[in-house]
K.L.:
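Quick one: the structure is below, and I'll ask about it shortly.
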Amino acid sequence: MGRLFPVPDSEVCFGTAEFTIDPTGPTPRLELWERQVPFDLVPPLQPLPPFKKKGIFSSTTTLTRSVPAGTLFQARLFGENKGPNGPLIGKVDIPSLLESNRANFLTSCTEGHVPQLQITPGGTFVSSAIASSVPTKARVQLSTNIPNLDGGIPFFDPEEKVASTVSDTAQFQHNLTLLDELTEPEIIGHTPLLSGQGLFFVILAWDSLGHFDYVWSSKGPAPATHPESISTKQRVVSARLSQLFCFDDSDDASDGEASFRFIVAGDTGAAFKTIKWEPMESGSRRAVSGGESDVTLNPPDTAGKVTVRVVGVEDDSGSLFPDSDDTATAGEDSGTPLPLPVGPADEQFTDRLLTLDSHPTSDGELLSFSADVVFSVTYI
């Protein structure tokens with residue numbers, strides 16, 4: 001569908017913010033919303049200004065905005081009629097800085113100029129805490145590659161950046177959590193934030209006048225200290241087929257005899273268990289014990305999407321012509337993606353229920369069933 005990216009890649013400006021909207025597809029129409037946040041706002045007494053719609057774009061367009069020093073310009077891109085609260089297609093957070101006016105307020109509080117910084121990765125997020133010697137605003141960004149420097153400003157390649165967040169208010173200490181906000185499949189030029197992923201970070205802070213400082217390591221000031229690498233935790237998915245319900249056993253004259261393959265799959269691997277149901281009567285249930293159907297998928301197979309499906313086969317061997325098995329799949333043919341919440345409070349959970357209804361995958365008699373799947377997610 002498209003993307004939104006800053007010009008230049010450093011995603012800062014010195015009085016004039018510049019960015020490009022790049023729609024893709026046969027009939028792309030993207031909606032732009034934006035705002036400017038002055039440095040000295042004090043919510044809730046002074047609420048943040050709302051995002052305002054600026055237009056619909058169907059071709060590649062570069063725009064500029066005048067931004068006072070210390071002010072943060074923010075733009076958000078959505079599909080047509082989806083803003084300002086729908087799924088994000090792109091975002092930029094561009095502070096207006098004073099060129100060649102780097103300060104040391106992130107490293108001046110301790111002996112040895114070591115930043116007061118804590119980076120805490122989860123499985124689907126990274127939390128950060130950074131202290132400053134003066135009130136500042138801060139922006140934290142994550143990437144799969146080391147940061148670059150352009151004119152003394154650190155930046156990541158936009159296509160390698162996996163997450164970005166910015167503080168709303170000026171503070172002496174910033175506690176910011178980064179999540180991947182760009183998860184729509186139509187987005188181009190974006191690397192997703194994954195579990196078990198090696199990452200680098202840059203924290204950029206600025207004061208009311210546009211003086212700025214940055215760090216990319218907890219061990220010392222940048223650029224003298226090499227960029228520090230971190231890794232998100234690895235995901236483990238445990239699932240079990242807890243119950244089957246037979247709507248139609250596909251045998252008119254007798255009960256059915258069926259097998260069900262319960263498949264849990266990631267992007268790079270899969271695991272499965274096979275469950276027998278003999279005899280299987282239309283309108284009946286079959287509880288499945290944990291030992292029969294427990295499946296655990298381990299990293300690295302679980303880094304991205306994880307899917308489940310149940311493939312049923314009703315055995316017609318020995319029946320009258322035509323002697324053909326009847327088949328059906330509960331869930332999508334390629335697997336139904338498990339809902340995997342993100343963030344510190346939500347990413348780990350136990351025994352969440354997902355019910356899958358079947359659809360026929362053969363042309364014979366109708367085999368119809370539903371499957372209850374119970375799954376849990378932990379990070380290690």
Side-chain angles (χ1 to χ4, degrees), residues 183 185-186 235-341 349-378:
T183 58
E186 298 89 353
R235 178 187 292 139
V236 177
V237 176
S238 300
R240 59 186 174 87
L241 179 59
S242 66
Q243 181 176 254
L244 293 164
F245 183 85
C246 176
F247 295 102
D248 193 323
D249 63 16
S250 83
D251 274 355
D252 293 335
S254 63
D255 293 338
E257 303 86 24
S259 64
F260 298 87
R261 177 169 287 194
F262 174 47
I263 304 168
V264 183
D267 291 334
T268 58
F272 66 89
K273 285 285 185 69
T274 300
I275 297 94
K276 297 285 189 180
W277 190 357
E278 299 177 359
M280 179 181 69
E281 182 181 1
S282 296
S284 64
R285 299 179 185 273
R286 180 183 186 314
V288 183
S289 64
E292 285 184 281
S293 66
D294 284 348
V295 173
T296 298
L297 201 62
N298 291 301
D301 297 335
T302 52
K305 180 174 66 175
V306 178
T307 66
V308 293
R309 66 187 188 274
V310 181
V311 178
V313 179
E314 202 283 319
D315 184 7
D316 271 348
S317 59
S319 64
L320 298 176
F321 179 85
D323 184 356
S324 60
D325 295 340
D326 302 312
T327 62
T329 296
E332 300 174 17
D333 287 331
S334 59
T336 295
L338 290 177
L340 299 174
F349 54 86
T350 302
D351 289 349
R352 190 160 294 181
L353 175 65
L354 177 67
T355 298
L356 304 173
D357 292 323
S358 73
H359 59 275
T361 53
S362 62
D363 295 328
E365 297 293 327
L366 176 65
L367 172 63
S368 178
F369 66 95
S370 68
D372 286 348
V373 175
V374 176
F375 64 103
S376 305
V377 174
T378 57

K.L.:
Looking only at non-hydrogen atoms, find the nearest pair between S282 and D248 and report the distance.
P.N.:
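Closest heavy-atom pair between S282 and D248: OG-CA, 3.4 Å.
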
K.L.:
Give, for atom OG1 of T361 and atom CG of D325, the distance between the pair rounded to the nearest 0.5 Å.
P.N.:
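Reported value, rounded in 0.5 Å steps: 10.5 Å.
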
K.L.:
How long is the straight-line distance from OG of S370 back to CG of L244, given to the nearest 0.5 Å?
P.N.:
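These two atoms lie 7.5 Å from each other.
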
K.L.:
Between T274 and S259, what is the shortest heavy-atom contact and its length?
P.N.:
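Minimum heavy-atom separation between T274 and S259: CG2-CB, 4.3 Å.
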
K.L.:
Taking the side chain as every heavy atom from C-beta outward, state whether V311 and T327 have any pair of such atoms under 4.5 Å apart.
P.N.:
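Side-chain contact under 4.5 Å: no.
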
K.L.:
Mark yes when over 12 heavy atoms from residues, nucleotides or ligands other than D363 sit less than 6.0 Å from its CG; otherwise mark no.
P.N.:
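Count not over threshold, so no.
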
K.L.:
Under the side-chain hydrogen bond (donor to acceptor under 3.5 Å, both in side chains) rule, collect the residues that match up with T355, sequence neighbours excluded.
P.N.:
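D372.
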
K.L.:
Closest heavy-atom contact between L367 and A328?
P.N.:
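Nearest pair, atom of L367 first, then A328: O-CB, 3.3 Å.
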
K.L.:
Of the non-hydrogen atoms in V237 and V306, which two are nearest, and what is the gap between them?
P.N.:
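Shortest heavy-atom separation between V237 and V306 comes out as CG2-CG2, 4.2 Å.
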
K.L.:
Could you walk me through whether M280 and E314 pass side-chain contact (heavy atoms from CB on, under 4.5 Å), step by step?
P.N.:
CA-CA 9 Å; M280 179 181 69; E314 202 283 319; 4.2 Å; yes

K.L.:
For residues 278-294, which residue pairs pass the salt bridge (Lys or Arg N to Asp or Glu O under 4.0 Å) check, not counting sequence neighbours?
P.N.:
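Output for this query lists R286-E292.
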
K.L.:
Side chain to side chain contact (heavy atoms under 4.5 Å, CB included) with S376: which of T350, V236, T296?
P.N.:
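Among T350, V236, T296, the one that satisfies the side chain to side chain contact (heavy atoms under 4.5 Å, CB included) with S376 is T350.
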
K.L.:
Quick one: OG1 on T329 to CD1 on I263, what's the gap to the nearest 0.5 Å?
P.N.:
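Reported value, rounded in 0.5 Å steps: 8.0 Å.
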
K.L.:
Could you note down all residue pairs passing ring-ring contact (aromatic ring centres under 6.0 Å, His included) where residues 355-377 supplies at least one of them, sequence neighbours left out?
P.N.:
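Counting only pairs at least two positions apart or across chains, the ring-ring contact (aromatic ring centres under 6.0 Å, His included) contacts touching residues 355-377 are F260-F369, F349-F375.
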
K.L.:
Please enumerate all residues that pass side-chain contact (heavy atoms from CB on, under 4.5 Å) together with E332, with sequence neighbours excluded.
P.N.:
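So E332 forms a side-chain contact (heavy atoms from CB on, under 4.5 Å) with S334, T336, P337.
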
K.L.:
Specify the closest pair of heavy atoms between S368 and S358, including all atoms of both residues, with the distance to one decimal.
P.N.:
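Shortest heavy-atom separation between S368 and S358 comes out as CA-OG, 3.5 Å.
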
K.L.:
Closest heavy-atom contact between L353 and V374?
P.N.:
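So the two residues come closest at CD1-CG2, 4.2 Å.
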
K.L.:
Using side-chain contact (heavy atoms from CB on, under 4.5 Å), reason through F247 and L366 one step at a time and then give a plain yes or no.
P.N.:
CA-CA 10 Å; F247 295 102; L366 176 65; over 6 Å; no

K.L.:
If a pair satisfies salt bridge (Lys or Arg N to Asp or Glu O under 4.0 Å) and one of its residues is in residues 261-276, list it, with sequence neighbours excluded.
P.N.:
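Residue pairs passing salt bridge (Lys or Arg N to Asp or Glu O under 4.0 Å), neighbours aside: none found.
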
K.L.:
Please test L340 against R235 for side-chain contact (heavy atoms from CB on, under 4.5 Å), starting from the C-alpha separation and ending with a verdict.
P.N.:
CA-CA 10 Å; L340 299 174; R235 178 187 292 139; 3.7 Å; yes

K.L.:
Test of understanding: with side-chain contact (heavy atoms from CB on, under 4.5 Å), list the residues that count as partners of A303, not counting sequence neighbours.
P.N.:
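For A303 the side-chain contact (heavy atoms from CB on, under 4.5 Å) partners, ignoring immediate neighbours, are S195.
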
